[in-house]
A.B. asks: 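Handing you a structure now.
As a basis for the values below, the full set of heavy atoms in this structure was taken, side chains included, without hydrogen atoms, waters or symmetry mates. Letters A, B, ... are given to chains in the order of the sequence lines, protein chains preceding strands, and every chain is numbered from 1.
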Amino acid sequence: MKKLGLYLGCTIPTEQYGYEMSIREIMPEFDIELVDLENASCCGAPLKSVNLIMQMYLSARNIAICESKGLDMYAPCPQCHLSLTETKNRLRDSEKLREKIVKELMEYEGLEYKGDLNIYHTVDLFYDKIGLDVIKKKVKKPLEWNIACHYGCQTVRYSDAGRPDIAEHPSKMEEIIKVLGGETRDYSEKLNCCGAPLMITHKESALTKTGEKLKAIQDRNFDATAIVCPFGGRMLDSKQEKAGSTIGEKLDMPVFYLTQLIGLAMGKEKNKLGINLNLSSAKVLS
Amino acid sequence: MTDSVTDLFNMTKPEKEKYEDLVKELGVLGIEPPNICYQCSKCTSGCEAMKLLELEPHSIMASAKAGFIDEIMQSDLIWECIGCYKCKERCPQKMSPVELMYIIKNWSVSSGKQLPGDYPKILQGILSTGYIQNPLDVRDKKNNTWNRNSLGLPGLKRPIDQKKFTEAISKLATEGLGEI
């Protein structure tokens with residue numbers, strides 16, 4: 001059994017419980033033991049606009065915490081995954097930056113930073129590490145829906161940081177959906193943002209983006225949407241009704257975390273995957 | 001920086017020193033300076049904020065290239081950036097409008113400008129609890145209320161020495177990439 005440090009960040013463990021529950025429910029079946037990281041905190045990503053040194057300190061401290069256990073990391077939030085990966089790269093490439101952050105970490109919190117660990121996200125963990133063959137063997141109840149994949153901005157950008165899938169034409173989620181028995185196809189709005197980051201400063205615009213994305217998916221007659229980002233969950237699922245009224249459209253698009261879909265295909269109980277918490281999932285499950 | 005141009009709308013002169021600071025801070029992050037921007041506008045054509053709001057990353061790059069840093073800093077437009085990274089991904093010159101704006105927003109904050117929107121709440125949350133927010137109660141479709149405990153999820157892990165953690169973050173809040 002492979003052990004991974006589970007780094008959830010802020011949004012998953014404070015509101016997007018369905019993502020966390022489905023992760024905890026299915027990972028042991030793929031021979032992965034998740035270790036909760038004592039002393040963890042925010043990764044700093046929400047503070048990039050405020051202070052980039054603060055952001056890098058926060059990412060580096062969580063990397064150091066995971067490394068101290070001798071573990072690689074699983075960061076299911078793409079924003080965290082980018083912030084952590086980017087910080088790891090920058091501290092590798094800039095001696096001065098590394099010196100600064102390493103010194104502060106040791107001085108204030110006694111943390112030793114090396115930056116040697118691997119950091120996985122849901123998409124690359126399932127596609128590249130676990131592999132389609134292994135996933136296929138676990139499928140007991142093949143999915144019967146036509147599913148749109150929503151990657152989320154930072155799952156695929158920017159390439160130089162090293163992302164779970166390629167920037168302009170990602171397809172790993174689709175490959176996984178097919179193995180689960182589902183149908184899927186490309187749609188032209190696939191790379192459009194869900195609007196989440198605008199909630200901080202421009203709420204109406206954020207909800208408009210959410211509504212437009214969902215409307216586009218709905219108009220293309222998909223039965224459901226798969227996501228791998230807690231901000232996608234917050235906007236496309238939790239705020240779907242609000243997004244609909246913001247753009248003056250009736251939206252009825254079931255949204256699931258990819259990990260919930262894997263769990264469903266494995267025949268897991270819905271409530272153990274937190275599917276009762278998805279506010280949008282009525283149609284396909286009833 | 002392009003040679004001295006005056007912005008005739010408000011008679012602003014380019015700020016050479018600030019431009020050089022900008023180039024230096026971009027350099028710390030391994031990013032190319034704005035003077036190599038040839039205004040192809042690929043950044044703006046993909047910009048997720050521009051589709052709804054007023055932000056045009058190529059205009060920001062043009063202002064930066066001309067040295068009108070203060071104008072960018074005073075503008076609310078930079079706070080419209082979503083951080084989707086399409087501009088960085090697609091820039092043929094390997095520049096990064098998104099990160100140039102992060103740096104200038106950092107300056108704006110350290111100059112004492114009020115943080116917009118929910119940023120004060122987010123910052124306060126991280127400083128005092130390690131996270132942007134505390135675990136929330138959520139409702140399911142039948143209107144039942146759930147929390148981590150009732151869902152059988154373990155307690156949220158937080159910084160063990162919150163005081164030291166807050167001290168570190170508060171100290172770094174006063175520092176900039178330029179001092180590195």
A.B. asks: Check whether the side chains of A:H81 and A:R163 place a donor and an acceptor atom closer than 3.5 Å, and report yes or no.
C.D. replies: yes
A.B. asks: What's the shortest heavy-atom distance between A:L4 and A:M73, and which atoms?
C.D. replies: CD2-N, 4.4 Å
A.B. asks: With a 4.5 angstrom heavy-atom cut-off, could you sort out which part of A:I275 is near chain B: side chain, backbone, both or neither?
C.D. replies: backbone
A.B. asks: Side-chain donor-acceptor pair under 3.5 Å between A:E109 and A:Y57, yes or no?
C.D. replies: yes
A.B. asks: Using non-hydrogen atoms only, which part of A:L58 is less than 4.5 Å away from chain B: side chain, backbone, both, or neither?
C.D. replies: side chain
A.B. asks: Between A:N271, A:L47, A:T11, which shows the greatest number of heavy-atom pairs under 4.5 Å with chain B?
C.D. replies: A:L47
A.B. asks: I'd like to verify something: which residue of A:P13, A:C153, A:S94 has the highest number of heavy-atom pairs under 4.5 Å with chain B?
C.D. replies: A:P13
A.B. asks: Taking atom types as modelled, find out whether B:T12 and B:E71 have a side-chain donor-acceptor pair closer than 3.5 angstrom.
C.D. replies: yes
A.B. asks: For residues A:T201 and B:E80, determine if any side-chain heavy atom of one lies less than 4.5 Å from a side-chain heavy atom of the other.
C.D. replies: no
A.B. asks: Looking only at heavy atoms and a cut-off of under 4.5 Å, which of B:S96, B:G117, B:P159, B:G83 has the most pairs with chain A?
C.D. replies: B:P159
A.B. asks: Taking the side chain as every heavy atom from C-beta outward, state whether A:Y108 and B:T166 have any atom pair closer than 4.5 Å.
C.D. replies: no
A.B. asks: For a quick check under 3.5 Å, do A:R61 and A:N39 share a side-chain donor-acceptor pair by atom type?
C.D. replies: yes
A.B. asks: Under 3.5 Å, is there a donor-acceptor pair between the A:Y158 and A:E86 side chains?
C.D. replies: yes
A.B. asks: Give me the atom names and distance for the closest heavy-atom approach of A:L84 to A:A75.
C.D. replies: CD1-CB, 4.0 Å
A.B. asks: Name the region of A:L97, side chain, backbone, both or neither, that has any atom closer than 4.5 Å to a heavy atom of chain B.
C.D. replies: both
A.B. asks: Go through the atoms of B:I82 and report whether side chain, backbone, both or neither lie under 4.5 Å from a heavy atom of chain A.
C.D. replies: both
A.B. asks: Between chain A and each of B:V109, B:L153, B:N134, B:I122, count heavy-atom pairs under 4.5 Å; write down the option with the most.
C.D. replies: B:L153
A.B. asks: Can you tell me which portion of B:L53 sits under 4.5 Å from chain A's heavy atoms? Options are side chain, backbone, both or neither.
C.D. replies: side chain
A.B. asks: Give a yes or no on whether A:K203 atom NZ has more than 12 heavy-atom contacts from other residues, nucleotides or ligands under 6.0 Å away.
C.D. replies: yes
A.B. asks: Which atom pair, heavy atoms only, marks the closest approach of B:Q39 to B:H58?
C.D. replies: NE2-O, 2.8 Å
A.B. asks: Could you tell me which portion of B:K171 (side chain, backbone, both or neither) has an atom closer than 4.5 angstrom to a non-hydrogen atom of chain A?
C.D. replies: side chain
A.B. asks: Does a side chain donor of either A:T208 or A:T246 reach within less than 3.5 Å of an acceptor in the other side chain?
C.D. replies: no
A.B. asks: Can you tell me which portion of A:L82 sits under 4.5 Å from chain B's heavy atoms? Options are side chain, backbone, both or neither.
C.D. replies: side chain
A.B. asks: Checking side-chain polar atoms at under 3.5 Å, does A:K190 have a donor or acceptor matched by the opposite partner on A:H150?
C.D. replies: no
A.B. asks: Please classify the contact between B:R90 and chain A as side chain, backbone, both or neither, with a heavy-atom cut-off of under 4.5 Å.
C.D. replies: side chain
A.B. asks: Select one option (side chain, backbone, both, neither) describing which atoms of B:K86 are under 4.5 Å from chain A's heavy atoms.
C.D. replies: both
A.B. asks: Apply side chain to side chain donor-acceptor pair (under 3.5 Å) to A:Q16 and A:Y257, showing your working.
C.D. replies: CA-CA 10 Å; A:Q16 291 299 312; A:Y257 283 104; 2.7 Å; yes
A.B. asks: A:M54, A:Q79, A:K209: which one forms the most heavy-atom pairs within less than 4.5 Å of chain B?
C.D. replies: A:K209
A.B. asks: Name the region of A:M199, side chain, backbone, both or neither, that has any atom closer than 4.5 Å to a heavy atom of chain B.
C.D. replies: backbone
A.B. asks: Taking atom CD as the centre, does B:Q162 end up with more than 12 heavy-atom neighbours from other residues, nucleotides or ligands that are less than 6.0 angstrom away?
C.D. replies: yes
A.B. asks: Between A:R24 and A:D36, does at least one N-O distance fall below 4.0 Å, as a salt bridge requires?
C.D. replies: yes
A.B. asks: Side chain, backbone, both or neither: which part of B:E179 has a non-hydrogen atom closer than 4.5 Å to chain A?
C.D. replies: neither
A.B. asks: In terms of heavy-atom proximity below 4.5 Å to chain A, should B:I180 be classed as side chain, backbone, both, or neither?
C.D. replies: both
A.B. asks: Check whether A:N89 gets within reach of chain B through its side chain, its backbone, both or neither, counting any heavy atom under 4.5 Å.
C.D. replies: neither
A.B. asks: Can you confirm whether A:K242 is buried at NZ, in the sense that more than 12 heavy atoms of other residues, nucleotides or ligands lie under 6.0 Å from that atom?
C.D. replies: no
A.B. asks: Taking A:E38, A:E15, A:K48 one by one, which has the highest count of heavy-atom pairs under 4.5 Å against chain B?
C.D. replies: A:K48
A.B. asks: Taking heavy atoms only and a threshold strictly under 4.5 Å, list by residue number the residues of residues 145-152 of chain B that touch chain A; give 'none' if the list is empty.
C.D. replies: B:W146, B:R148, B:L151
A.B. asks: Examine whether an atom of B:I169 lies under 4.5 Å from a heavy atom of chain A, and if so say whether it belongs to the side chain, the backbone or both; otherwise answer neither.
C.D. replies: both
A.B. asks: B:K88 versus chain A, heavy atoms under 4.5 Å apart: side chain, backbone, both or neither?
C.D. replies: side chain
A.B. asks: For each of A:E168, A:K96, A:E212, tally heavy-atom pairs with chain B at distances under 4.5 Å, and name the one with the top tally.
C.D. replies: A:E168
A.B. asks: Quick one: do B:D21 and B:K16 satisfy salt bridge (Lys or Arg N to Asp or Glu O under 4.0 Å)? Show the steps, please.
C.D. replies: CA-CA 9 Å; B:D21 289 346; B:K16 198 163 191 295; over 6 Å; no
A.B. asks: So for A:N276, is it side chain, backbone, both, or neither that comes closer than 4.5 Å to the heavy atoms of chain B?
C.D. replies: both
A.B. asks: Between B:L177 and chain A, which part of the residue has a heavy atom less than 4.5 Å away: side chain, backbone, both or neither?
C.D. replies: both
